[in-house]
Number of protein chains: 2
Amino acid sequence: NKQPQDQFSNRGMTLEKDIDETNRYYLNRGRCVVHKKPTPVQIVKVDYPKRSAAVIKEAYFKQASTTDYNGLYKGKYLDFEAKETRNKGSFPLSNFHAHQIEHMEHVVKHEGICFVIIRFQAYNESYMFPAVKLFPYWHRQFKDGRKSIPYDVIKSEGAIIPSGYPALVDYLSVIDQLFF
Amino acid sequence: NKQPQDQFSNRGMTLEKDIDETNRYYLNRGRCVVHKKPTPVQIVKVDYPKRSAAVIKEAYFKQASTTDYNGLYKGKYLDFEAKETRNKGSFPLSNFHAHQIEHMEHVVKHEGICFVIIRFQAYNESYMFPAVKLFPYWHRQFKDGRKSIPYDVIKSEGAIIPSGYPALVDYLSVIDQLFF
Ligand SMILES: [Mg+2]
Ligand SMILES: [Mg+2]
């Protein structure tokens with residue numbers, strides 16, 4: 001019975017799909033240029049059949065060394081990761097890889113706009129949580145700190161992202177308030 | 001006899017490898033944060049063997065809708081495409097897809113720093129050619145214009161990129177002159 005896992009993976013894609021649709025809308029309206037990065041894949045074997053497209057016959061998923069999304073808004077560099085959780089009380093830091101955090105630290109250092117979009121599925125709420133507020137939680141976990149960020153902290157130190165149509169995850173409206 | 005084609009594909013990768021190495025060096029030195037985007041792949045079939053990593057069994061190359069590289073330099077958004085040619089007198093516009101040009105137009109409109117790195121293999125020279133100078137050539141080709149950019153134009157309106165070690169394609173030095 002694979003139902004629960006399938007449900008989970010579908011849910012796991014919902015936020016990204018909503019953001020992708022939002023980004024298409026933003027692009028068409030000339031608001032920003034933000035794209036999802038392709039899934040990194042290590043290609044091992046490719047067939048070249050006559051008169052048809054090359055077929056990848058063996059490949060493996062590679063761990064992403066950066067974040068899901070980046071792009072350009074009002075001349076500024078934007079960079080963010082999208083994550084959702086079924087948890088109700090907190091967001092588990094195990095959702096991040098060390099490489100992603102390192103990348104976000106580089107972005108902040110070079111004055112990019114960097115954040116995480118965290119969706120709590122239980123409440124159907126998405127928050128913009130600035131990367132600079134994530135870093136202390138990330139590093140503290142290795143010295144006896146807790147392994148998650150409390151929901152209340154995300155609610156109070158992040159900003160709830162309005163959801164509309166077609167801007168399903170209207171993150172630019174929040175960026176305007178916090179970064180410009 | 002596949003020699004010439006193999007040679008060509010190896011050569012075709014050289015510039016990207018040189019840029020990747022340059023970007024690693026830049027990142028380590030804290031100069032900028034620029035990464036190559038993964039090759040976009042349409043995944044059709046994945047096997048999940050017990051106790052080992054998921055294997056992609058069927059996938060296809062998708063046309064990239066953006067450029068090869070983007071990132072962040074001094075708070076600014078950087079976006080560029082890398083292309084090399086064996087031609088000696090000009091750079092063929094057929095090296096670009098309409099989608100890439102469209103993407104570069106968006107980037108310029110939103111005030112990103114956008115350019116092409118063009119390598120002439122015959123001279124072992126790499127040029128930074130600003131996207132704004134590429135656009136007129138691109139659009140002119142559809143109204144009886146020529147289908148390539150003359151080498152002399154790239155030489156005079158672009159900027160030659162110094163090659164050192166470990167910055168094999170030291171494009172930042174040229175960006176500093178032209179965009180800051
Ligand atoms: Mg994600
Ligand atoms: Mg290229």
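By convention in this document, chain letters (A, B, ...) are assigned in the order of the sequence lines, proteins followed by strands, and residues within each chain are numbered from 1. In this text, all values refer to a predicted model and were calculated from it rather than measured experimentally.
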Sort [X] into side chain, backbone, both or neither according to what part of it lies under 4.5 angstrom from a heavy atom of chain A.
X      : result
B:I43  : side chain
B:K57  : both
B:H35  : side chain
B:V107 : both
B:V41  : side chain
B:K62  : neither

Checklist entry - Under 4.5 Å between any side-chain heavy atoms of A:V34 and A:Y26, yes or no? => result no
Checklist entry - Would a 4.5 Å heavy-atom cut-off, applied to side chains only, mark A:E125 and A:I160 as touching? => result yes
Next on the checklist: Does the Lys NZ or Arg CZ of A:K76 fall within the cation-pi geometry relative to A:F179 - under 6.0 Å from the ring centre and within 45° of the axis?
Outcome noted: no
Ignoring hydrogens and angles, tell me if any N or O in the side chain of [X] forms a donor-acceptor pair with the backbone of [Y] under 3.5 Å.
X      : Y      : result
B:D68  : B:A82  : yes
B:Q100 : B:H97  : yes
B:T67  : B:D79  : no
B:T22  : B:D170 : no
A:N95  : A:P92  : yes

Checklist entry - Looking at A:F80 versus A:Y171, is the centre-to-centre ring distance below 6.0 Å? => result yes
Checklist entry - When the aromatic ring centroids of A:F120 and A:Y151 are compared, is their separation below 6.0 Å? => result yes
Item to check | Part of A:V46 within contact of chain B (heavy atom distance under 4.5 Å) | outcome: side chain
With chain A as the partner, which of [options] has the greatest number of non-hydrogen pairs under 4.5 Å?
options                    : value
B:G112, B:G71, B:A59       : B:A59
B:A64, B:S65, B:G30, B:A53 : B:G30
B:R31, B:K37, B:K109       : B:R31

Item to check | Option in A:I113, A:N70, A:L72, A:L78 with maximal non-hydrogen atom pairs under 4.5 Å from chain B | outcome: A:L72
Item to check | Best-contacting candidate, A:T39, A:T66, A:L27, against chain B by heavy atom pairs under 4.5 angstrom | outcome: A:L27
Next on the checklist: For a quick check under 3.5 Å, do A:E58 and A:Y60 share a side-chain donor-acceptor pair by atom type?
Outcome noted: yes
Item to check | Exercise: do B:D20 and B:Y25 side chains pair donor with acceptor under 3.5 Å | outcome: no
Item to check | Residues of residues 127-148 of chain B contacting chain A, heavy-atom criterion under 4.5 Å, by residue number | outcome: none
